[in-house]
Amino acid sequence: MLSVLIWLPMVGAAVIGFLPQSVPTKQVRNAALAVSGVVLLWTIWLFTQFDLADAGLQFREYLPWIETLGMNYELAMDGLALVLVGLNSILTFIALLSSSEKTERPRLFYSMILLVCGGVAGAFLAQNLLLFFLFYELELVPFYLLISIWGGAKRGYAAVKFLIYTAISGALILAGFLGLVWLTGNSDFSYEAALGQKLPIELQVVLLGVLLVGFGIKIPLVPFHTWLPDTYVEASAPIAILLGGVLAKLGAYGVIRFGLGLFPDAWSKLAPLLATWAAISILYGAMAAIAQKDIKRMVAYSSIGHMGYILLGAAALTPLALVGSVSQMVAHGLILAILFHLVGVIEQKVGSRELDVLNGLLNPIRGLSSISSLLILGAMASAGIPGLAGFVAEFLIFQGSYSTFPIQTLVGVVGTGLTAVYFVILLNRTCFGRLDNATAYYPRVLFEDRLPALILAGLIIFLGVQPNWLVRWSEASSTAMVAAAPAIEQVEQVAVQATANPELPTLD
Amino acid sequence: MTATLIPPSTTKLPPSTHEFAEIVHRLEAGGAMLPDTPENLMQIIGLYKAYAVPMDFYWRDLLYIAEQVFLNPLPFFKYFISDEYLRRQNHYAGDNADLRIWRGTGSAHPELLEFMEKGELKQKLPKLLHHWYHDRINMEFAEECMRAMLWHGRDMGMGKFDAYLDSEEYQQNADRAIKAYFKGNPLMLGLYKAFPDMFLEQVRQMSYYANLGLFWEVMAPVFFEMSDLYDEGKIASVPDAMNFLVNGIFAIAGRPIYHHVYINGECYEIIPKSKGFMWLYEAALPYVEAVFYRTSPFRGTKSYNAQAGQVPAEQKDFHYGVLYADKFPVGTAGIPPTLLAQDMLHFLPPYLVEYYKQHCRGEDDMLIQLAISFQRSMYCVTSAVIQALRTALLYPLDDPNPEHLMANRRFFEAQLDRFKRPEARLRNIQSPDYR
């Protein structure tokens, strides 16, 4: 059942890639949308079949592959993977909707997007470390091409930067996986086999550190973030949606699944450091966003801040905070997608992303009033206004992490306030004010320009007023994952006891 | 009603060095501030027609309010004009006209009557539902113009009409009308005794209702006739259109401006015709100054403008009128230009609808496109007023005396100085791309 999510888009990508040149761009786009639509429907069906009470892995698939290497085709999903697969399916569909009907080299473009969809789904579903790594690396090539061919003026630079950072990320993750399996003396790269390893805590900390840096590049966390602004800004809107909405989540998923999941003891030990790291990322992202003059770059920096919340929730190691983190992945994916799409429409219609140029877009007739209204909604959701999905996720994280890390949580709350600051700047300059008579002869906004944002806005509002539909899927898995890790205080206590009462040699 | 202004010999004067030298030369040649192009002509005539139909309602309702509704403290139905006023014969149209400017009917325009019956919805519903849905002629714009005239009246230093509103004679006339209107109503009479100035100010406002109503009673048939002449090919250029307006202005310049109120069938002359207030000096010129040049920031934006220090301290420095207005906010709910644009939208001639469909966002931003055409057409009307003033106060354009021509030039340059302000749209309307 789960293989469909991987292989259907990949087969679709192959078919679309080999369509004859005579097929018009619109038909190619429709074909990609059809494939993505089927994947989305399949995902919805999986949601209906998912057992909420079961914290373990469901829908298992196993196929022996290269057994001598310990690499087998093992797929399964728990609540964490389920919501992220759902996010991947919906955002791929949205990205395709967001793409222009006049895209150049459409066969390659749409097949690459479907390849990303299949690769990311494979990474979320893989229950074998090497299989995960394979899928994790698989999406690197299509993303590189999508940025370097269909990107902005500095696309070449951005694509190479992305490639270098992501390759280093992959190398570190592979090193972490190999280290874990070799040091435990295991010959199987199965995820379940790696669970419950008994490595010394120091070794665990080192391996966790390697994985954290590897996935931290992908999320990205400060100071491994420098590829993000260039890549997000240079990528076209649909690709930015996939980069911020899906790829970054793959990094966050890796941190939780492999960092917390495989090294719970080390995680508890490093938790205060991780929470502080998260707080720094939150503040840095927000401050950097405030300083931007380019609205796409502003949204890109906001992503750094918001990904910090995910780490904060995961570091707190409470079921509530971890559910909040998972919810934040979904909420942030949807919110970032709507923001990138709307910024893309504004850039396409107005021809600029500069705060100093944009003005008065809320003008009811000559402006982009519907796009501006949706932008306000997206900004409100990002700033954590109640009634929208962003609030639910951030509230759960703060509620869950305050007891463990009050200072870092308060810094996070300040970060939310700063989010409101830069979005007010963005909205005030872009949407309000006077439309410039000399230049404001923008093309009209079509329904297809609004459609992706309307779908996303509907989801953001729905999940905001019905938060149960956001959190229910991952509750059991998150609780189980937290239960497997020792409490943070307990680890510290054990460490203190170990120092105070060193084992004495037994006297015969 | 046609006349031709003779182009002067341009060799008698050196070229103007004014910022708008090209426009000065055009005015000296008998042209308008608006460039003479077929596209401009089509826009301004089409707009005159679209403006004239709601204007036919405006003047009737303004007079209905001034003469019948008067000081009704709860004037909920002041826009529900009586049949008497819809049938009222225009003095400048129809078979019984004093001076027949338009060849059409003297009662309400057929397109207006058709619209009033079913509205934009094309469905006959109770009047109140059409009203609440704004599926009607929006008198709010007309009242905003009236208020602009009232508000700027003191400060404009024009004519004698406004000064008369402060005279003892006017107060006595108003007092008689107020007492007759509230006869048998001790509450209102008691309030009148307690706050006489408030009631008097309301009567002054009613006098401006009458003033504007009488002004537009003339302009509606002028615009209808221009539209018909254009359709017949008899107005073929922007100067033709302007000359028609100039001749019209002189033909009806002496039309009396008055204010009568009818209470229980009896007429109370608050401003009698015998005062000799003339249409040109007491209505047309104050209207142009108050509405075309000054007005005020849009309702709802005033406080914001004031907070931003954008509202001048002196009323005479106000330049928010149609010649200066930013038309891009048209479409924003509730502001008078939006309401006017919506009124005109219902009566656009088909050729203009087709024209708008081909530009900018087509039907989606037709309100702004027509508002900008309206701005062009009002520059043409203002040109006519400037030429009329030059005719009245200075010299012919073909005067052989260079000193006289220089005096004309100084006059034109002084008029154009008012458009040096950055917000003036004179520069914009020179280009066909300003839409």
Side-chain angles (χ1 to χ4, degrees), chain A residues 100-102 295 341-342 344-352 354-377 424-454, chain B residues 134 297-298 300-301 304-305 307-310 320 322-335 337-342 344-345 356-376 421-435:
Chain A
S100 166
E101 289 181 357
K102 293 170 188 162
I295 56 172
H341 170 74
L342 295 170
V345 174
I346 289 172
E347 187 182 6
Q348 183 204 343
K349 304 288 177 189
V350 181
S352 177
E354 294 299 315
L355 275 184
D356 296 337
V357 175
L358 299 168
N359 218 345
L361 293 185
L362 261 178
N363 184 290
I365 298 185
R366 277 284 164 86
L368 313 174
S369 52
S370 55
I371 295 296
S372 302
S373 306
L374 289 163
L375 187 65
I376 292 171
L377 181 105
V424 166
I425 292 172
L426 185 150
L427 297 178
N428 193 33
R429 301 254 182 92
T430 307
C431 302
F432 296 96
R434 183 173 161 272
L435 200 60
D436 185 359
N437 291 55
T439 57
Y441 292 92
Y442 310 137
R444 79 181 77 190
V445 174
L446 307 173
F447 177 70
E448 44 265 43
D449 295 325
R450 296 187 199 112
L451 183 61
L454 287 172
Chain B
H134 268 271
F298 297 144
T301 67
Y304 297 114
N305 286 103
Q307 284 169 35
Q310 293 169 345
Y320 299 103
V322 65
L323 305 178
Y324 299 85
D326 178 0
K327 292 295 177 187
F328 276 30
V330 165
T332 306
I335 65 171
T338 298
L339 297 172
L340 171 65
Q342 276 173 347
M344 293 192 291
L345 183 70
Y356 291 146
K357 278 181 183 172
Q358 292 162 19
H359 294 99
C360 297
R361 294 185 184 180
E363 287 185 71
D364 289 356
D365 65 352
M366 213 179 270
L367 279 183
I368 290 181
Q369 290 196 58
L370 74 87
I372 287 172
S373 293
F374 179 70
Q375 200 162 39
R376 290 177 191 278
R421 304 173 68 95
E423 66 267 39
R425 305 290 157 180
L426 182 58
R427 297 173 191 87
N428 304 70
I429 61 153
Q430 303 308 311
S431 161
D433 296 331
Y434 174 55
R435 300 178 187 285

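Order of the sequence lines sets the chain letters (A, B, ...), proteins ahead of strands, with each chain counted from 1.
Contact detail for A:Ile365 and B:Gly331: the closest heavy-atom pair is CD1-CA, 3.5 Å.
Near-neighbour residues of residues 428-435 of chain B relative to chain A, defined by a heavy atom under 4.5 Å from a heavy atom of that chain, comprise B:Asp433, B:Tyr434, B:Arg435.
Side-chain contact between B:Ile372 and A:Asn437: absent, with no pair of heavy atoms (C-beta onward) separated by less than 4.5 Å.
Per-residue counts of heavy-atom pairs under 4.5 Å with chain B were compared for A:Asn363, A:Leu362, A:Asp436; the largest is that of A:Asn363.
With a 4.5 angstrom heavy-atom cutoff, A:Ala440 touches chain B via backbone and side-chain atoms both. Proximity to chain A is limited to the side chain of B:Arg425, based on heavy atoms less than 4.5 angstrom apart.
In this structure, B:Arg361 contributes its side chain and A:Val445 its backbone to no donor-acceptor pair below 3.5 Å.
For the side chain to side chain contact (heavy atoms under 4.5 Å, CB included) criterion with A:Arg366, the lone passing option out of B:Asp365, B:Leu367, B:Asp364 is B:Asp365.
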